[in-house]
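Worksheet for the structure shown next.
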Amino acid sequence: MTMIRHPRRRGRSTAVLSLLLIVLAGVLGTAPGSSAEPGSSAEPGSSAEPGWWTPAARPAPDSEINVTGEPFKGTGPQGQVRGFVDAHNHLMSNEAFGGRLICGKPFSEKGIADALKDCPEHYPDGSLAIFDFITKGGDGKHDPNGWPTFKDWPAHDSLTHQQNYYAWVERAWRGGQRVLVNDLVTNGVICSVYFFKDRSCDEMTSIRLQAQKTYDMQAHIDTMYGGPGKGWFRIVTDAAQARQVIQQGKLAVVLGVETSEPFGCKQILDIAQCGQDDIDRGLDELHALGVRSMFLCHKFDNALCGVRFDSGTLGTAINVGQFLSTGTFWKTEKCTGPQHDNPIGSAQAPEAEKKLPQGVTVPSYAADAQCNTRGLSALGEYAVRGMMKRGMMLEIDHMGVKAAGRALDILESEAYPGVISSHSWMDLNWTERVYRLGGFIAQYMHGSEGFIDEAKRTQALREKYDVGYGYGTDMNGVGGWPGPRGATTPNPVRYPFRSADGSAVLDRQTTGERTWDLNTDGAAHYGLVPDWLEDIRVVGGKEVVDDLMRGAESYLRTWKASEDHRPGVNLAAGASASASSSEWNPFTSYAPGRAVDGDTATRWASDWSDDQSLTVDLGSARVVGRVTLDWERAYAKAYRIEISADGTNWQSVWSTTAGDGGLDTAQFSATSARYVRVHGLERGTKWGYSLREVGVRGS
């Protein structure tokens with residue numbers, strides 16, 4: 001989740017600056033030669049030799065790591081890997097948005113002085129650092145020099161400068177991190193309106209470049225360690241390879257995508273600008289690049305799904321941006337469950353609102369209507385199922401609760417575990433559904449007190465489902481990172497300290513002439529992630545850190561289960577079906593067989609009374625354990641699933657009194673039966689019961 005900071009002064013209120021503020025707030029706010037080819041899976045190489053973690057030829061000069069001790073490797077007593085998971089980072093966002101929004105690079109063949117230098121327009125004093133002005137406030141002026149002085153950046157509140165220099169990532173790895181998800185991120189609209197750029201604004205062109213640069217960074221690190229496969233930074237494309245890398249004590253790097261219009265799936269005036277062929281081509285290309293997790297929507301509604309709102313002035317600015325991008329404002333409705341999107345509110349954003357056409361105003365929103373009316377579209381459902389076919393993991397952060405709920409319905413109907421919440425942008429009421437499926441959850445990199453509080457709120461569920469925890473740093477993601485707790489805090493991080501696993505000793509991190517201390521500098525760059533984890537231990541004890549150390553194993557379990565998933569055979573497909581009644585219509589049939597014909601455009605509909613049933617004859621005794629029901633608008637509020645061996649004696653195996661329509665999945669202990677009956681007890685509408693499709697599976 002990126003959390004853009006608003007400027008304190010708005011002296012540069014030019015039209016382009018205002019538009020840029022709108023778009024930046026909309027897309028980034030409160031929220032990305034000899035090298036291996038993308039998609040390759042070279043063996044990670046041996047790490048058995050003494051001192052394998054020390055490079056033979058680090059560039060000189062370069063950053064210090066300030067860590068001693070051999071990185072832990074192998075597995076624990078139960079054969080599990082250990083290590084922290086950063087489920088949301090943006091190593092290469094300096095290549096995004098036209099290439100001049102995030103200044104500095106995570107590596108350079110020319111060395112650290114070339115990598116860690118400011119954007120050209122920031123010299124000599126930051127007067128033209130417009131993005132810095134927008135995100136941090138003040139007048140944007142700062143010392144542009146990076147190496148070797150680093151007077152003003154990187155810093156926990158400097159959102160425009162490189163935080164992911166490779167040596168800082170190395171320190172995080174040495175401090176116990178074993179999985180890093182590199183989300184490839186960009187936005188064509190930001191690129192088009194920003195003053196400075198040096199490359200195309202095409203989103204897929206940027207995604208391809210960022211993927212290649214990640215492979216280039218792997219090759220750059222390999223060179224220091226003696227050749228291909230020798231380095232600690234290993235891009236992985238399947239869970240088994242990731243496990244092997246972690247067992248060797250190295251860092252498994254996973255590619256993800258977070259963008260507002262994947263596959264070109266923009267919507268204008270509610271009309272989709274993409275089709276199923278675009279989605280298939282896009283997913284195939286991303287998979288070939290090595291991408292294994294992705295978001296389907298982010299900040300603006302698109303042709304795939306509706307988003308989770310932002311609040312306050314920022315929310316109003318984003319809503320204006322939504323209108324300028326799509327021709328429609330956000331639309332809200334009353335929520336049907338405990339989950340809700342963030343309230344939009346009625347805060348004004350004058351500079352943003354000036355950009356609206358004459359006579360157009362931001363609508364007002366009822367306080368009791370906090371859910372986005374846009375859910376998961378038919379194209380969005382197609383994309384979800386396409387990701388499932390390819391064994392990819394779906395990121396549901398930034399989806400509105402209506403879209404996220406439908407996505408979870410689909411995943412549950414197929415018992416698909418590949419669902420991720422990577423940076424605290426999901427309603428916490430979904431937590432158990434994610435864990436029940438086998439998914440993975442990480443929290444945004446909040447300050448230690450806030451992080452601990454949120455972790456404790458969901459700790460019981462982690463214990464129930466025996467899962468670990470993760471964090472999402474969102475570095476280079478135009479967010480905000482933990483500030484300093486102060487030199488006089490009674491419980492500071494005391495340097496040097498030992499890593500959570502006990503294998504490493506870490507001192508204050510030094511790069512060039514600058515030494516950072518978490519107590520006084522906050523989480524200024526990626527090298528301070530271990531210091532932040534030590535702060536969590538100091539403030540809250542070992543319990544949360546222990547959960548985080550279990551993160552790598554849990555993440556790999558989710559990934560492996562996604563890869564291994566095979567859709568179960570639908571025993572009801574084409575089966576004989578009967579019903580207590582069927583609604584009569586002179587123009588179409590609502591016969592029972594319409595609910596098992598594999599066509600969601602047809603349906604069974606009952607008479608308009610409560611006690612009704614639909615029975616499916618499987619033809620012979622089969623093991624059944626899961627029934628899926630795709631309701632039409634006329635759904636059951638209360639119903640039960642019954643099974644029988646002879647069609648006469650029935651056993652209830654599942655029931656609910658809180659049905660809300662949509663796609664339901666009833667899962668129960670696998671039992672042998674020939675007949676399966678959906679028994680409606682109370683209607684959810686004034687009509688009868690209506691089912692598009694009924695699925696019956698073994699488990």
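In what follows, every heavy atom counts, from backbone to side chain, and hydrogens, waters and symmetry copies are set aside.
Side-chain contact annotation: Trp52 with Glu70, donor-acceptor N/O pair under 3.5 Å present. In summary, the side chains of Glu395 and His88 do not present any donor paired with an acceptor at a separation below 3.5 Å, with no hydrogens or angles considered. Between the side chains of Tyr526 and Asn476, not a single donor N or O lies within less than 3.5 Å of an accepting N or O. A donor and an acceptor atom, one from each side chain of Ser63 and Gln509, are located under 3.5 Å apart. For the residue pair Thr489 and Asn491, a side-chain donor N or O sits within less than 3.5 Å of a side-chain acceptor on the partner. Under the 3.5 Å distance criterion, with hydrogens and angles disregarded, no donor-acceptor pair is assigned to the side chains of Thr214 and Gln210. A donor and an acceptor atom, one from each side chain of Trp168 and Thr511, are located under 3.5 Å apart. Between the side chains of Asp531 and Tyr495, a donor-acceptor pair is found at a separation under 3.5 Å. Between the side chains of Asp118 and His142, a donor-acceptor pair is found at a separation under 3.5 Å. Side-chain contact of Tyr471 with Gln177: a donor-acceptor pair under 3.5 Å is present, judged by distance alone. For the 3.5 Å distance criterion, the side chains of Asp216 and Gln212 qualify, holding a donor opposite an acceptor. Side-chain contact, Thr259 with Glu203: a donor N or O sits under 3.5 Å from an acceptor N or O.
The six-membered or imidazole ring of Trp532 lies near that of Phe451, with a centre-to-centre distance under 6.0 Å. Aromatic ring centres of Trp153 and His161 lie closer together than 6.0 Å. Ring centroid separation for the pair Tyr166 and Phe107 does not come in under the 6.0 Å cut-off.
Between Glu534 and Arg494 there is no salt bridge, since none of the side-chain N atoms of the basic residue sits less than 4.0 Å from a carboxylate O of the acidic one. In this structure, Asp238 does not pair ionically with Arg292, as no charged nitrogen and carboxylate oxygen lie closer than 4.0 Å. Using a cut-off of 4.0 Å between Lys/Arg side-chain N and Asp/Glu carboxylate O, Lys230 and Asp222 are scored as not salt-bridged. A salt bridge between Arg308 and Asp397 is absent, with no side-chain N of the basic residue lying under 4.0 Å from a carboxylate O of the acidic one. Comment: Asp501 does not engage Arg82 in a salt bridge, judged by the lack of any side-chain N to carboxylate O separation of less than 4.0 angstrom. A salt bridge between Asp453 and Lys456 is absent, with no side-chain N of the basic residue lying under 4.0 Å from a carboxylate O of the acidic one.
With Ile441 as the fixed residue, the side-chain contact (heavy atoms from CB on, under 4.5 Å) test singles out one of Thr458, Thr431, Leu461: Thr431.
Rounded to the nearest 0.5 Å, atoms NE2 (His156) and CG (Leu518) are 10.0 Å apart. The CZ atom of Phe150 lies 11.0 Å from the OG1 atom of Thr510; values are rounded to the nearest 0.5 Å.
Note that Arg178 lies in the cation-pi zone of Phe72, set by a 6.0 Å cut-off to the ring centre and a 45° limit from the axis. For the pair Arg462 and Tyr469, the distance from NZ or CZ to the six-membered ring centre is under 6.0 Å and the angle to the ring normal is within 45 degrees.
Using the six-membered ring where Trp is involved, Trp425 and His398 have ring planes that are tilted, between 30° and 60° apart.
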